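Since the model is a prediction, treat every value here as computed from it, not as a measurement. For the single chain, residues carry numbers from 1 onward in sequence order.
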Amino acid sequence: MTSPLSWRELETRVGLDALPDFHRAFLTWRGVEDAAGMPLRRVGQRVEAELNRMAQTGQAQRGEGDWTLAPGALDGFEAAGPYLGAEG
């Protein structure tokens, strides 16, 4: 990822059917324990918490209902790879 990316745009690329697994993979990548066993509602809350943590460290910036991810913020997150190539 070489340019900033909207998290919501990334979620749109992933698609609704694959989104729960993508979110769980994101949480696992971020070091959240037992992401695979979490109830879906909790997964959503934890994703937001992790995005907020990324914002605190300068890897993301929170906007109106979205986060803009800094270049390189998802480096090493292999599950995002197929969706990052769709950037303009």
J.: Verify side-chain contact (heavy atoms from CB on, under 4.5 Å) between Leu69 and Leu51, making sure each step is shown before the conclusion.
T.: CA-CA 9 Å; Leu69 303 177; Leu51 289 167; 4.1 Å; yes

J.: Set out, in order, the CA-CA distance, both residues' side-chain angles and the distance that settles ring-ring contact (aromatic ring centres under 6.0 Å, His included) for Phe22 and Trp29, then state yes or no.
T.: CA-CA 10 Å; Phe22 181 81; Trp29 175 71; 9.9 Å; no

J.: Any side-chain heavy atom of Val14 sitting closer than 4.5 Å to one from Asp21?
T.: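 Val14 vs Asp21: side chains apart.
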
J.: Considering all heavy atoms of both residues, which atom of Ala25 and which atom of Ala79 are nearest to each other, and what is their separation?
T.: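 Answer, listing the atom of Ala25 first, then Ala79: CB-CB, 4.0 Å.
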
J.: Within the side chain of Arg62, is there an N or O that forms a donor-acceptor pair under 3.5 Å with the backbone of Trp67?
T.: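 Checking the backbone N and O of Trp67 against the side chain of Arg62, no donor-acceptor pair under 3.5 Å is found.
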
J.: Judged by atom type as modelled, is there a donor-acceptor pair below 3.5 Å linking the side chain of Arg24 to the main-chain atoms of Met38?
T.: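 Yes; judged by distance alone, with no hydrogens or angles, the pair exists.
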
J.: Within a 6.0 Å radius of atom CD on Gln45, are there more than 12 heavy atoms belonging to other residues, nucleotides or ligands?
T.: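 Yes, CD of Gln45 has more than 12 neighbouring heavy atoms, counting only those of other groups under 6.0 Å.
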
J.: With rounding to the nearest 0.5 Å, note down the distance linking CZ in Arg13 to OG in Ser6.
T.: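 Reported to 0.5 Å precision, the distance equals 8.5 Å.
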
J.: What distance separates His23 NE2 from Glu50 CD, expressed to the nearest 0.5 Å?
T.: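 These two atoms lie 12.0 Å from each other.
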
J.: Could you check Arg30 against Met54 for side-chain contact (heavy atoms from CB on, under 4.5 Å), going step by step and ending with a plain yes or no?
T.: CA-CA 10 Å; Arg30 292 285 297 170; Met54 291 176 80; 3.5 Å; yes

J.: Run the ring-ring contact (aromatic ring centres under 6.0 Å, His included) check on Tyr83 and Phe77 step by step: do they pass?
T.: CA-CA 11 Å; Tyr83 308 104; Phe77 179 35; 9.3 Å; no

J.: Please evaluate residues Trp7 and Thr68 with respect to the criterion side-chain contact (heavy atoms from CB on, under 4.5 Å), reporting the C-alpha separation (whole Å), side-chain torsions for both, the decisive distance (0.1 Å), and the verdict.
T.: CA-CA 6 Å; Trp7 178 259; Thr68 301; over 6 Å; no

J.: Which heavy atom of Leu27 sits nearest to which heavy atom of Val47, and what is that distance?
T.: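 Smallest heavy-atom distance, with atoms named: CD2-N, 3.7 Å.
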
J.: Donor-acceptor pair, distance only, cut-off 3.5 Å: does the side chain of Asp66 make one with the backbone of Arg8?
T.: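 Looks like yes, one N/O pair under 3.5 Å.
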
